[in-house]
Amino acid sequence: MKNKTSDNKSRLKIPFRLNIFFFVVFIMFALLVVQLGIVQILEGEAYQKEIDRTIDDVTKVPVPRGLIYDKNHKPIVTNNPLYSITYTPPKGVQSEDKLELAKTLVDYIQLDKKKIENITSREKKEYWYLIHEEEALELTNDTEKKELENVELYDLTLERITDEDIETITKEEYPIIAIKSELDKAYSLTPHIIKNENISVEEYARIAENLSELPGINATTDWERDYLYKDTFKTFVGAITTEKEGIPGEKEEYFMSRGYNRNDRVGKSGLEEQYEEYLRGRKEQIQYTTTKKGEVLSSDILVEGERGKDLVLSIDMDYQKKVDDIVRNELKNNVGGSPHLDDAMAVVMNPKTGEILALSGQTYNRKNRKYEDIGVKTLFDTHLPGSTIKGATVAAGFENNIISPGTVFIDRPLRIAGSASKSSVGTLGAVNDMDALRRSSNVYMFYIAMQLSGEMRHPFPDNAKLSFTTGGIQELRNAFNQTGLGVKTGIDYPYEATGVVGSNPIGGQVLDFAIGQYDTYTTLQLAQYVSTIANDGYRVKPHIVKDIHHPSPDKKIGSLYKSNETEVLNKMNITENEINRIQKGFRGAFQSPGGTGSRYWAGKYYNPAGKTGTAENLIYKDGKLIAETENLSLIGYAPYDDPEIAFAVLVPNLAKQRSAAVPINHAIGTKLMDAYFDMKQE
């Protein structure tokens, strides 16, 4: 009986436990249903919004750069259209996705052989990592995985991939690696050029017809700069970076804050750099709508792109070519007898407006025996100018009341105790301010420098010592600066030199300064200096760009956006009568009997004025004197009574003992002036 009762009790306990179990399950299920109801009914809309949430991003697409024209609206630099294959990666794209795209793209695109041959060891390791990911993960231990950042861990993994590992990659896979490397350079939602050179029509068409299989790839057009005058004026036009170079690293913050992408092409030299803000144009702004995963759902153009603005230069390219030919040909005529002569430079400008009319520099490459353009040297190569600067010395005398119009000094050799005799070329006798410029009296300039420095004796006694203070040199330099010598000209170009200012000269060195034998200047500074004299003492800022215009779709000059107006920097601190005396001295130098340049300039129908210059120039090598040469310079303007053109010529390092029917400075000067006025008449 006991056993039966016990069995019955056991049987009764089983259904009871099942009931409890089912009840618990029911409660849990009910709670789950309630929770699902809360999610769907009360919070369902919020969760659905999160699922459907999209992200709007705006990207800026570069446009072609502005064009560059000469003063007669002849195109100098244009854009040649190119077929282009680009890649615009979505947000969050993974390396695996790019690899799959590269494997597909390799059947449609053929990269340059050099790109394929030059893939790096790292690029090969990155490829090996992707196709052997499990093996790659085993190259680092658990401790390293915990302690290192992702980038550090990745670099360590690549470092441990051996040469034997990457040797398993076949040459057939190299094109995939090269394409993958190009895809890796692209920034999110920013078009990156995969290829824009040597794309055939067939290759372009294949890509265009299969874009659905190539996510992010587009067949579009690009551009490259085309220089219609080849090398003429090209060094001044400058260059732009390639897309691979992008914005310069040292200026990244500057460009990025102005809406640039890292792979944008920007001006890196010359006018391309100086006028970057105008030439760049207005980027097209596109808004991409993407999912949280980065998939592009749609795109809308927010701002239409506009090609960069166009530059119109003050340069007449036909005249520029003539000046280049003149400088080059005269250099050819003189290099044979001057072993240290390499360069010849010339600058032509409008003295009233500051418009640059021509900038020319030519060099003889003795190793290659070729003549090459070095035009930019006119802005930064400095040399002793010699007597061309005597107009500034006379101006210093006027400004500081050392001389007045008509003041006479006796030009005879100065025999200074303890130093060599200092004189003009010959003994000129009594000369006034205008005669001193016409006949290029050194002694007249010496007396101005001496009296500025406190040495007031005239005539100076033979074998006497100079009695000097230190103030004179600063007074001279101040007067020189007013004309543009020793200071920046202000030209619209990224860089210019101000010349080499020697340490404060003493004694006879002050006298050397007064005749252009101490400080050095650029050809452009000499051109601004003579322009200041021609322009009644007003120094104007030189400029190469005349106007900036809005782009026009019909290949014509668009409407005016901005002009570079004439800007007066300062006026010489002398009277109108005093500046007239200097101008008359310059006219006498070119047109009157006894003028140092009259042999070559007298009789010219355009009524020129100017000043000649010769400076002794010693050449040293390893501390030893190897040659005694001369710098020849020349400045001038015309017409004398209403100047419209001024020029400077500088030719350094000619041999002292040479013979020429016409010295190179006068040969260049007369021919470039003749060419200008002949072209004007035509």
Side-chain angles (χ1 to χ4, degrees), residues 62-70 75-80 193 222-256 258 260-281 307-315 317 320-321 323-324 327 343 345-347 349 355-356 358-363 365 371-382 488-499 522-525 527 541-546 548 564:
V63 293
R65 289 176 76 80
L67 311 183
I68 301 177
Y69 297 86
D70 83 342
I76 300 173
V77 183
T78 59
N79 298 318
N80 269 348
I193 296 172
D222 191 32
W223 52 270
E224 67 177 354
R225 282 310 221 185
D226 187 19
Y227 303 92
L228 279 71
Y229 285 84
K230 306 303 180 185
D231 291 335
T232 301
F233 209 67
K234 189 175 180 181
T235 55
F236 286 101
V237 168
I240 60 174
T241 61
T242 63
E243 191 191 39
K244 183 177 180 181
E245 292 172 324
I247 60 177
E250 67 275 12
K251 295 183 178 179
E252 181 175 326
E253 183 177 344
Y254 171 86
F255 282 114
M256 295 296 287
R258 286 161 175 77
Y260 285 78
N261 297 325
R262 286 185 174 83
N263 60 353
D264 280 347
R265 286 167 283 186
V266 300
K268 64 178 179 179
S269 64
L271 297 177
E272 294 275 18
E273 179 183 355
Q274 182 74 21
Y275 287 91
E276 168 65 26
E277 64 175 304
Y278 303 104
L279 290 168
R280 66 176 290 204
R307 177 173 66 75
K309 293 178 175 60
D310 300 331
L311 306 183
V312 175
L313 309 186
S314 57
I315 302 290
M317 288 301 285
Q320 175 69 44
K321 288 178 69 176
V323 173
D324 282 343
V327 175
D343 303 335
M345 293 159 285
V347 173
M349 64 184 285
E355 294 178 3
I356 295 293
L359 291 160
S360 182
Q362 302 295 317
T363 189
N365 188 323
Y371 291 87
E372 301 168 354
D373 185 280
I374 45 101
V376 290
K377 275 194 172 185
T378 57
L379 308 188
F380 66 79
D381 207 29
T382 67
K488 285 191 174 182
T489 67
I491 191 169
D492 53 339
Y493 205 75
Y495 174 78
E496 64 164 319
T498 56
T522 67
T523 315
L524 178 63
Q525 286 177 314
K541 179 186 290 188
H543 56 271
I544 302 171
V545 172
K546 184 176 181 180
I548 303 173
N564 276 342

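If you read the sequence from its start, that first residue is 1, and numbering goes on from there.
Separation of atoms CG (Leu524) and CG (Asp381) is listed at 12.5 Å; rounding is to 0.5 Å. Note that the CZ atom of Phe380 and the OG1 atom of Thr498 stand 14.0 Å from one another [nearest 0.5 Å]. Between the CD atom in Glu250 and the CZ atom in Phe255 there is a gap of 9.0 Å [rounded to 0.5 Å]. To the nearest 0.5 Å, atoms CD1 (Ile68) and CE (Met317) are separated by 10.0 Å. A distance of 13.0 Å separates CG in Leu67 from NZ in Lys309, rounded to the nearest 0.5 Å. Interatomic distance, Leu359 CG to Ile315 CD1, rounded to the nearest 0.5 Å: 5.0 Å.
Ring-plane geometry between Tyr493 and Phe236 is classed as perpendicular, the angle between the planes exceeding 60 degrees on a 0 to 90 degree scale with a lower cut at 30.
Within 6.0 Å of atom OH in Tyr227, more than 12 heavy atoms from other residues, nucleotides or ligands are found, so the atom counts as buried in its surroundings. Within 6.0 Å of the CD atom in Glu253, the count of heavy atoms belonging to other residues, nucleotides or ligands does not exceed 12.
For the pair Asp264 and Arg258, the salt-bridge criterion is not met [side-chain N within less than 4.0 Å of a carboxylate O]. By the 4.0 Å N-to-carboxylate-O rule, Arg262 lies close enough to Glu252 to be salt-bridged with it. Between Glu276 and Lys268, no side-chain nitrogen of the basic residue sits less than 4.0 Å from a carboxylate oxygen of the acidic one, so the salt-bridge criterion is not met.
The residue from Arg265, Arg65, Arg280 that alone fulfils the side chain to side chain donor-acceptor pair (under 3.5 Å) condition with Glu272 is Arg65. Of the residues listed (Asp70, Leu228, Asp226), the one engaging Pro75 in a side chain to side chain contact (heavy atoms under 4.5 Å, CB included) is Leu228, and it is the only one.
Nearest heavy atoms, Val545 versus Ile548: CG1-CG1, 4.3 Å. Summarising the geometry of Asn261 relative to Met256, their closest heavy-atom pair is C-SD, 4.3 Å, with the distance given to 0.1 Å. Nearest heavy-atom pair across Pro494 and Gly270 is CG-O, 3.4 Å. Across every non-hydrogen atom of Gly246 and Val266, the tightest pair is O-CG2, 4.3 Å. Closest of all the heavy-atom pairs between Ser314 and Ile356 is OG-O, 2.6 Å. What you find for Ala239 and Ser269 is that their closest heavy atoms are N-OG, 3.0 Å.
With a 4.5 Å cut-off on side-chain heavy atoms, Lys541 and Ile491 do not count as touching. Tyr371 places none of its side-chain heavy atoms less than 4.5 Å from the side chain of Asn365. Looking at heavy atoms from C-beta onward, Leu271 lies in side-chain contact with Leu313 at the 4.5 angstrom threshold. In this structure the side chain of Glu355 never reaches within 4.5 angstrom of the side chain of Asn564, judged on heavy atoms.
Side-chain contact annotation: Glu496 with Thr522, donor-acceptor N/O pair under 3.5 Å absent.
A donor-acceptor pair is defined here as one N or O able to donate and one able to accept, closer than 3.5 Å; such a pair exists between the side chain of Glu243 and the backbone of Ile193. Judged by distance alone, the side chain of Thr378 and the main-chain N or O of Ser360 form no donor-acceptor pair under 3.5 Å. One N or O on the side chain of Asp373 and one on the backbone of Gly375 form a donor-acceptor pair closer than 3.5 Å.
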Item to check | Audit row: Gln525, Thr489, side chain to side chain contact (heavy atoms under 4.5 Å, CB included) steps and yes/no | outcome: CA-CA 6 Å; Gln525 286 177 314; Thr489 67; 3.9 Å; yes
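Qualifying side-chain hydrogen bond (donor to acceptor under 3.5 Å, both in side chains) partners for Asp492, counting only residues two or more places apart in sequence or in other chains: Tyr275. Looking at residues two or more places apart in sequence or on another chain, you find a side chain to side chain contact (heavy atoms under 4.5 Å, CB included) between Thr363 and Asp342, Asp343, Glu372, Ile374.
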